[in-house]
2 protein chains.
Amino acid sequence: MTVSLGSLRADRPDIYVTGCPSRVVLDHVTSKWGVLVLAALAGGTLRWGELRREVDGISEKMLASTLRTFEADGLVQRTAYPEVPPRVDYRLTPLGRDLVEAMTPLITWVAAHAEEIVSG
Amino acid sequence: MTVSLGSLRADRPDIYVTGCPSRVVLDHVTSKWGVLVLAALAGGTLRWGELRREVDGISEKMLASTLRTFEADGLVQRTAYPEVPPRVDYRLTPLGRDLVEAMTPLITWVAAHAEEIVSG
DNA sequence: CGGCATCCCTCGGGATACTG
DNA sequence: CAGTATCCCGAGGGATGCCG
């Protein structure tokens, strides 16, 4: 069952208004590293170091910042283990998993058509 | 038919590599105004002025820049009519319509869950 | 009406170094 | 290992003005 294109705006006029919750969440998700971090976590729980290696090019600062945003949004759950050396892992919450599922068509499409677009 | 979450990374490792076509296209789409402009055009052809009003908060500079990027990507088609006063309209290309269709689940999801997330 | 040019500045984000 | 703290830069992006 496909959502018709025409209904996209009619059903969700809220997306387009500055400062509304939809825009805030959309900004988080479409932030420079948002999609990549969420997609990386789609494969399952990852530790900090794994996440860094997984998302090529991200700095520690941006990884921390992106994760904190998603944690506050309730999309990612952080778990710290009281061990030495410290171990921390990150996983999607049920809400986050739901979001990633909604993102999957986009990511798949981009991956499939990227060459075509860039080569023009 | 749903794409399993686990396969997302396995199938498309390219997304995660800096500078690859997938990352370039993903950056265009997830640029600050990319999603909004594409979604606005999902409803059909729009004139410049209509687009500006539709996408709340966008400046002329960013609208122009975003549209030029998508035009170069082959996602949006620009048509100028040799009239006075000038009239220009923008519509999605078939490729662009395809992309918007892949984006629709994400937009719909965000609109539906935004309150829940922001109020957190 | 539909832009482009220009100026200006915020702040996203990178590099580096340090800590529990 | 998993971060925090600082410094710093530049491009993304806003405001204004002009033009065909």
Side-chain angles (χ1 to χ4, degrees), chain A residues 16-19 23-41 44-73 76-92, chain B residues 16-20 23-38 40-41 44-73 76-92:
Chain A
Y16 299 88
V17 180
T18 308
R23 282 279 284 265
V24 173
V25 173
L26 197 62
D27 281 352
H28 293 179
V29 173
T30 65
S31 69
K32 181 161 188 185
W33 301 102
V35 171
L36 272 341
V37 168
L38 289 175
L41 287 172
T45 303
L46 288 179
R47 302 183 54 170
W48 166 272
E50 296 173 323
L51 216 31
R52 259 214 87 179
R53 265 169 276 123
E54 198 91 352
V55 182
D56 186 54
I58 195 170
S59 66
E60 294 186 343
K61 177 181 172 180
M62 290 319 299
L63 180 55
S65 152
T66 303
L67 285 171
R68 266 187 268 113
T69 299
F70 286 145
E71 210 191 335
D73 288 343
V76 166
Q77 185 199 345
R78 177 186 188 274
T79 312
Y81 301 89
E83 305 173 353
V84 175
R87 182 162 61 96
V88 178
D89 60 34
Y90 297 88
R91 76 189 65 206
L92 295 174
Chain B
Y16 299 87
V17 179
T18 309
C20 71
R23 281 279 284 267
V24 172
V25 173
L26 197 62
D27 281 352
H28 292 178
V29 173
T30 66
S31 71
K32 181 161 189 187
W33 301 103
V35 171
L36 272 341
V37 168
L38 289 176
L41 288 173
T45 302
L46 287 178
R47 302 182 54 169
W48 167 273
E50 295 174 325
L51 258 176
R52 263 214 82 178
R53 266 170 275 122
E54 198 92 351
V55 182
D56 187 53
I58 196 170
S59 67
E60 295 186 345
K61 177 179 172 181
M62 289 320 298
L63 180 54
S65 150
T66 303
L67 285 171
R68 266 185 272 112
T69 298
F70 287 145
E71 211 192 334
D73 287 344
V76 166
Q77 185 200 345
R78 176 185 188 275
T79 312
Y81 300 90
E83 304 173 354
V84 176
R87 182 162 62 94
V88 177
D89 61 31
Y90 297 87
R91 76 188 65 207
L92 295 174

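The basis for the numbers below is simple: all heavy atoms, side chains too, and nothing from hydrogens, waters or symmetry mates. Letters A, B, ... mirror the listed sequences (proteins, then strands); counts begin at 1.
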Study note, to complete from the structure: Per-nt protein contacts along nucleotides 4-20 of chain D (heavy atom under 4.0 Å; B base, S backbone sugar-phosphate only, - none) come out as B--B-----BB--B--B

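Of all nucleotides in DNA chain C, those with any atom nearer than 4.0 Å to a heavy atom of chain A start and finish, going 5' to 3', at C:dG13 to C:dG20.
As a whole-Å value, the separation of A:Leu63 CG from D:dA2 P is 11 Å. Rounded to an integer number of Å, the gap from A:Arg52 CZ to D:dG3 C1' is 11 Å.
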Validation: residues 24-33 of chain A side-chain donor-acceptor distances under 3.5 Å, sequence neighbours left out:
| residue | atom | partner | partner atom | Å |
| --- | --- | --- | --- | --- |
| A:His28 | ND1 | A:Asp73 | OD1 | 3.4 |
| A:His28 | ND1 | A:Asp73 | OD2 | 2.5 |
| A:Thr30 | OG1 | A:Leu26 | O | 2.7 |
| A:Ser31 | OG | A:His28 | O | 2.9 |
| A:Ser31 | OG | A:Gly34 | N | 3.3 |

Please tabulate, for side-chain N and O atoms in residues 76-87 of chain A, each donor-acceptor pair with protein atoms closer than 3.5 Å (sequence neighbours left out).
| residue | atom | partner | partner atom | Å |
| --- | --- | --- | --- | --- |
| A:Arg78 | NE | A:Tyr90 | OH | 3.4 |
| A:Tyr81 | OH | A:Asp89 | OD2 | 3.1 |
| A:Glu83 | OE1 | A:Arg87 | NE | 3.4 |
| A:Glu83 | OE2 | A:Arg87 | NH2 | 3.2 |

Which atom pairs, one a donor and one an acceptor, fall under 3.5 Å between side chains of residues 45-52 of chain A and the rest of the protein, sequence neighbours left out?
| residue | atom | partner | partner atom | Å |
| --- | --- | --- | --- | --- |
| A:Glu50 | OE1 | A:Arg47 | N | 2.7 |
| A:Arg52 | NH1 | A:Glu60 | OE2 | 3.2 |
| A:Arg52 | NH2 | A:Ile58 | O | 3.3 |

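Taking the C1' atoms of five terminal pairs at each end of the helix from C:dC1-D:dG20 to C:dG20-D:dC1, the two resulting helix axes are inclined by 50°, rounded to 10°.
Here the OG1 atom belonging to A:Thr66 is positioned 11.0 Å from the NZ atom belonging to A:Lys61, to the nearest 0.5 angstrom. To the nearest 0.5 Å, the span separating CG on B:Leu36 from CG on B:Leu41 amounts to 11.0 Å.
At a threshold of 4.0 angstrom between heavy atoms, the contacts of A:Arg78 are confined to the sugar-phosphate backbone, with no base atom among them. At a threshold of 4.0 angstrom between heavy atoms, the contacts of B:Tyr90 are confined to the sugar-phosphate backbone, with no base atom among them.
Look at A:Arg87 and you won't find any side-chain N or O under 4.0 angstrom from OP1 or OP2 of D:dA2.
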Exercise for review: Carefully, step by step, assess B:Arg23 and B:Thr18 under the rule side chain to side chain contact (heavy atoms under 4.5 Å, CB included).
Suggested key: CA-CA 7 Å; B:Arg23 281 279 284 267; B:Thr18 309; 4.0 Å; yes

